[in-house]
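See below for the structure under consideration.
The figures that follow rest on heavy atoms only: side chains count, while hydrogens, waters and symmetry mates do not. Per chain, numbering begins at 1; letters A, B, ... match sequence-line order.
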Amino acid sequence: MSVISVNKTAPANTVVVLDFETTGLSPNQGDRAIEIGAVKLENGVVVDRFQGLMNPGFRVSSFIENYTGISNRMLVDAASCNVVMGEFADFIQGCNLVAHNASFDKRFLDGELELIQRSYDGDFACSLLVSRRLTQEASSHKLGDLVAYHQIENEGIFHRALADAEVTASLWLVQLEALERDHGIINPSFDLMMKIGKTPKGSVVNFLKKHVQ
DNA sequence: TGCCAGGCCCTCTTTAGGGCCTT
């Protein structure tokens, strides 16, 4: 296991940007997490990271090996999902959460934590939903395409949990900056970002005008 | 045997269908 960090108590304004690599698309169909990566942001600054491979208890498909670069050999000696997710549950306590297409990561987070009878107390926001509203001119809202669109610095690694969490965190900060620069909303709150993600695309401009300070 | 994710969003919609996005 290569868990980088398990941090202390987080301030209330701390956000954890996370990404799962998994054996497939649906925990309801028996899929499990095989890697979790996360970046902890405090006032827009990375203050901590978490990364861990985890053994799902069965062999992953060749598609997943090729897609993620995570091989069955790499997972043989990894800690179990229960151990890694227990430490990750400690890592996210007191934090709000962000992911790209959060409904996917939330399903796996909820599923894995339920198996070890753990929970979390933050809300979950989605950088994909925010992107569809703030960057409507973008032809694609895939994470890799948005990294290119916004010219976000990256190391050319995709479909690994920590690398994807890092660029998602950068995307999140780009979106916060865009609200300040383009819409005059100073220091946008996490709650506002969640509301933007739920606002109908056609009315998001009027919604933002109401929040100009 | 046949099926096989699920939420969001758009449109030729709402008693539906299909594309996008995540692995």
Side-chain angles (χ1 to χ4, degrees), chain A residues 16-39 50-75 78 81 84-85 88 92 97-115 123-150 152 154 156-172 174-175 193-208:
Chain A
V16 170
V17 185
L18 64 93
D19 183 73
F20 277 105
E21 303 306 318
T22 71
T23 64
L25 293 173
S26 175
N28 289 337
Q29 298 292 320
D31 288 317
R32 298 293 302 272
I34 57 174
E35 187 178 40
I36 178 67
V39 173
F50 187 105
Q51 186 272 336
L53 284 171
M54 47 192 134
N55 189 332
F58 54 89
R59 291 181 61 82
V60 304
S61 68
S62 58
F63 171 82
I64 293 298
E65 285 187 311
N66 293 329
Y67 187 80
T68 65
I70 299 171
S71 66
N72 282 291
R73 174 173 290 188
M74 292 167 65
L75 295 174
C81 296
V84 177
M85 291 307 300
F88 189 64
I92 63 176
L97 307 174
V98 174
H100 198 66
N101 198 13
S103 65
F104 173 85
D105 293 279
K106 186 177 187 301
R107 282 199 301 275
F108 278 93
L109 179 63
D110 292 350
E112 293 292 347
L113 292 186
E114 183 177 358
L115 289 173
D123 290 319
F124 225 129
C126 179
S127 57
L128 169 64
L129 296 182
V130 173
S131 180
R132 282 175 172 164
R133 286 156 179 79
L134 296 188
T135 319
Q136 297 189 25
E137 71 278 11
S139 60
S140 164
H141 297 275
K142 291 179 182 177
L143 181 59
D145 291 336
L146 290 174
V147 167
Y149 181 87
H150 293 291
I152 290 171
N154 67 91
I157 300 170
F158 292 95
H159 306 307
R160 286 300 301 269
L162 183 57
D164 280 3
E166 296 269 11
V167 293
T168 302
S170 296
L171 172 62
W172 186 252
V174 164
Q175 292 171 332
M193 296 294 275
M194 286 194 65
K195 288 179 179 175
I196 290 172
K198 295 176 181 176
T199 300
K201 287 176 66 175
S203 57
V204 70
V205 172
N206 286 333
F207 175 84
L208 293 174

Can you figure out which of [options] approaches the side chain of [X] most closely?
X       : options                   : answer
H141(A) : dC21(B), dT23(B), dG6(B)  : dC21(B)
S103(A) : dT23(B), dC8(B), dG6(B)   : dG6(B)
K201(A) : dC10(B), dT23(B), dT22(B) : dC10(B)
F104(A) : dC21(B), dT23(B), dA5(B)  : dT23(B)
E21(A)  : dT23(B), dC21(B), dG6(B)  : dT23(B)
T68(A)  : dT23(B), dT22(B), dC8(B)  : dT23(B)

What's the [atom1]-[atom2] distance between [X] and [N], to the nearest Å?
X       : N       : atom1 : atom2 : answer
R160(A) : dT22(B) : CZ    : P     : 17 Å
E35(A)  : dT23(B) : CD    : C1'   : 12 Å
F158(A) : dC21(B) : CZ    : P     : 15 Å
L128(A) : dG6(B)  : CG    : C1'   : 13 Å
L18(A)  : dT23(B) : CG    : P     : 12 Å
K106(A) : dG7(B)  : NZ    : P     : 10 Å
K142(A) : dC8(B)  : NZ    : P     : 20 Å
D19(A)  : dT23(B) : CG    : C1'   : 9 Å

Rounded distance in Å between the [atom1] positions of [N] and [M]:
N       : M       : atom1 : value
dT1(B)  : dA16(B) : P     : 31 Å
dC12(B) : dC8(B)  : P     : 23 Å
dT15(B) : dC3(B)  : P     : 27 Å
dG19(B) : dT13(B) : P     : 16 Å
dG2(B)  : dC21(B) : P     : 33 Å

- Say whether E166(A) and N154(A), considering side chains only, have a donor N or O and an acceptor N or O under 3.5 Å apart.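 Absent: no donor and acceptor within the cut-off.
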
- Query: Hey, are T23(A) and D31(A) close enough side-chain-wise for a donor-acceptor pair under 3.5 Å?
  - Reply: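 Yes - a donor-acceptor pair under 3.5 Å links their side chains.
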
- Give, for atom SG of C81(A) and atom CG of L113(A), the distance between the pair rounded to the nearest 0.5 Å.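 Reported value, rounded in 0.5 Å steps: 11.0 Å.
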
- Message: Nearest 0.5 angstrom please: I34(A) CD1 to M74(A) CE, how far?
- Response: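 With rounding to 0.5 Å, CD1 (I34(A)) is 8.5 Å from CE (M74(A)).
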
- Message: For R132(A) versus K201(A), what's the shortest heavy-atom pair and its separation?
- Response: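 That closest heavy-atom pairing would be O-CE, 3.3 Å.
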
Select base, sugar-phosphate, or nothing to describe what [X] touches, counting heavy atoms under 4.0 Å on all strands.
X       : value
S140(A) : sugar-phosphate
F63(A)  : base
L25(A)  : base
I34(A)  : nothing
D105(A) : nothing
D164(A) : sugar-phosphate

- Query: For dC21(B), does OP1 or OP2 lie under 4.0 Å from any side-chain N or O of H100(A)?
  - Reply: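 For dC21(B), neither OP1 nor OP2 has a side-chain N or O of H100(A) closer than 4.0 Å.
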
- Query: dC20(B) phosphate, OP1 or OP2: any side-chain N/O from N101(A) under 4.0 angstrom?
  - Reply: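 No, outside the criterion.
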
- Is the side chain of T199(A) donor-acceptor paired with the backbone N or O of K195(A) at a distance under 3.5 Å, no angle test?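 Yes, T199(A) side chain to K195(A) backbone: donor-acceptor pair under 3.5 Å.
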
- Item | N-O pairing of E21(A) and R160(A) below 4.0 Å |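 Result for this pair is no, no salt bridge flagged.
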
- Message: Assuming nearest nucleotide by heavy-atom distance, tell me which of L129(A) and S26(A) is located more 5' along DNA chain B.
- Response: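 Between the two, 5'-proximity favours S26(A).
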
